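Notes follow once the structure below has been shown.
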Amino acid sequence: MRLTTWNVNSVRLRIDLLPELIARTGADVFCLQETKVVDQDFPRAAFAALGYEHQVISGQKSHHGVAILSRLPFKTSGARNWCDKDDRRHAWAKLASGPEIHNFYVPAGGDIPDPDANEKFAHKLAFLREAAAWFGAQKSRKAPIVLAGDLNVAPLETDVWSHKQLLDVVSHTPIEVELLGNWMASYKFVDAVRHFVPPAERLYSWWSYRAADWAKSDRGRRLDHVWVSPVLKDHLRAAHVFKPARDWKPPSDHVPVTVEINV
DNA sequence: ATGGTGGATGCTCCA
């Protein structure tokens with residue numbers, strides 16, 4: 001099974017890139033974030049026509065929004081609210097024969113890395129804590145789970161273009177890195193991408209729109225992740241960050257991340 | 001130190 005996570009920054013603007021995306025990733029399952037569209041306007045038919053007829057969509061007007069689009073059938077699927085908000089930031093699907101998939105869009109957190117001064121940052125920290133508590137409370141921590149999404153945290157020093165310069169920049173602050181680590185530990189998740197790419201090697205999945213030349217300045221961050229639960233660790237086959245997508249027209253500021261798992 | 005761009009929306013917010 002190949003699973004691709006991609007923050008599309010508007011699914012309707014990115015829809016024409018789908019055939020290329022499918023050709024490049026061979027995805028059986030897509031986890032999309034920032035779809036930015038209400039469910040009734042989601043381009044369901046375009047995905048179905050390409051073979052992704054199993055869909056769970058949780059969107060809202062203008063902001064956020066997630067979707068799982070799959071060639072493989074679901075046994076059950078749904079969406080969940082976090083932090084008592086009805087932001088659409090999480091969808092899940094249990095494959096009929098395969099793992100349970102969770103797709104997350106963690107709050108970006110605003111600009112000021114102080115929860116007292118910035119309620120968006122407070123929300124982000126609360127979200128990370130609540131997610132860790134939720135997975136930690138699962139009765140059996142043995143289910144095969146793939147957790148993917150834009151987690152809006154770059155945990156390793158090599159996940160950002162400058163560890164020192166980003167220590168006080170939201171996405172790479174010590175408290176965010178600690179809370180993301182707690183979330184991983186809550187279910188003993190394994191970072192499926194770093195399983196293949198050594199931590200010493202720089203790796204990014206996002207480059208700001210605000211650079212004159214994103215590739216030349218290369219000030220990226222690895223915000224998009226795929227984690228697997230321990231039982232799937234030995235089933236991991238490959239991981240790939242599809243950097244050329246940053247030059248697609250029109251580009252998302254995030255690129256697709258694909259993981260291949262034997263299931 | 002600052003502002004830079006892009007998306008959805010509707011004369012601004014969010015990333």
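The structure displayed is predicted, hence computed values, not measured ones. By convention in this document, chain letters (A, B, ...) are assigned in the order of the sequence lines, proteins followed by strands, and residues within each chain are numbered from 1.
Only one option out of A/Phe135, A/Trp183, A/Phe104 pairs with A/Phe189 in a ring pair (Phe, Tyr, Trp, His ring centres under 6.0 Å); it is A/Phe135.
As judged by a 4.0 angstrom heavy-atom cut-off over every strand, A/Arg219 is placed among residues making no nucleic acid contact.
Between B/dG7 and B/dG3, the distance separating the two P atoms is 22 Å to the nearest Å. The separation of B/dA1 from B/dC11, taken at their P atoms, amounts to 35 Å, rounded to a whole angstrom. Nucleotides B/dT9 and B/dT5, compared at atom P, are 22 Å apart to the nearest Å. The separation of B/dT2 from B/dT12, taken at their P atoms, amounts to 23 Å, rounded to a whole angstrom.
Counting only heavy atoms from C-beta outward, the side chains of A/Leu32 and A/Val66 never approach each other to under 4.5 Å.
We find that NZ of A/Lys36 is positioned 10 Å from C1' of B/dC13, with the value rounded to whole Å. Regarding A/Asp111, its CG atom lies at a distance of 10 Å from the C1' atom of B/dC14, rounded to whole Å. When the P atom of B/dG6 is taken as reference, atom CZ of A/Arg14 falls 11 Å away, rounded to whole Å. Distance NE2 (A/His172) to P (B/dA15): 21 Å, rounded to an integer number of Å. In this structure, NZ of A/Lys61 is placed 14 Å from C1' of B/dG7, rounded to the nearest angstrom. Rounded to a whole Å, the CG atom of A/Asp247 is 15 Å from the C1' atom of B/dG6. What separates NZ of A/Lys249 from C1' of B/dG6 is a distance of 13 Å, to the nearest Å. Atom NE2 in A/His254 sits about 14 Å away from atom C1' in B/dT5, given to the nearest Å.
A donor-acceptor contact under 3.5 Å is not formed by the side chain of A/Arg12 with the base of B/dA8.
The side chain of A/Tyr105 approaches B/dA15 more closely than any other nucleotide in the set B/dT9, B/dG7, B/dA15. Closest contact between the side chain of A/Asn9 and the listed nucleotides B/dA8, B/dG7, B/dA15 involves B/dG7. Taking the side chain of A/Tyr209 as heavy atoms from C-beta on, and the options B/dC13, B/dA15, B/dG6, the nearest nucleotide is B/dG6. Closest contact between the side chain of A/His63 and the listed nucleotides B/dG7, B/dA15, B/dT9 involves B/dG7.
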Residue pair A/Trp82, A/His90: steps toward the ring pair (Phe, Tyr, Trp, His ring centres under 6.0 Å) verdict | CA-CA 8 Å; A/Trp82 299 82; A/His90 175 220; 5.4 Å; yes
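The residue among A/Pro251 and A/Gly109 whose nearest nucleotide of DNA chain B is located toward the 5' end is A/Pro251. Residue A/Ser10 is the one, among A/Asp253 and A/Ser10, whose nearest nucleotide of DNA chain B lies closer to the 5' end (criterion: closest heavy atom).
In this pair, A/Phe242 and A/Trp248 present their aromatic rings tilted. The plane angle is within the 30 to 60° band.
Scanning all heavy atoms of the two residues, the minimum distance from A/Ser70 to A/Val29 falls at OG-CG2, 3.7 Å.
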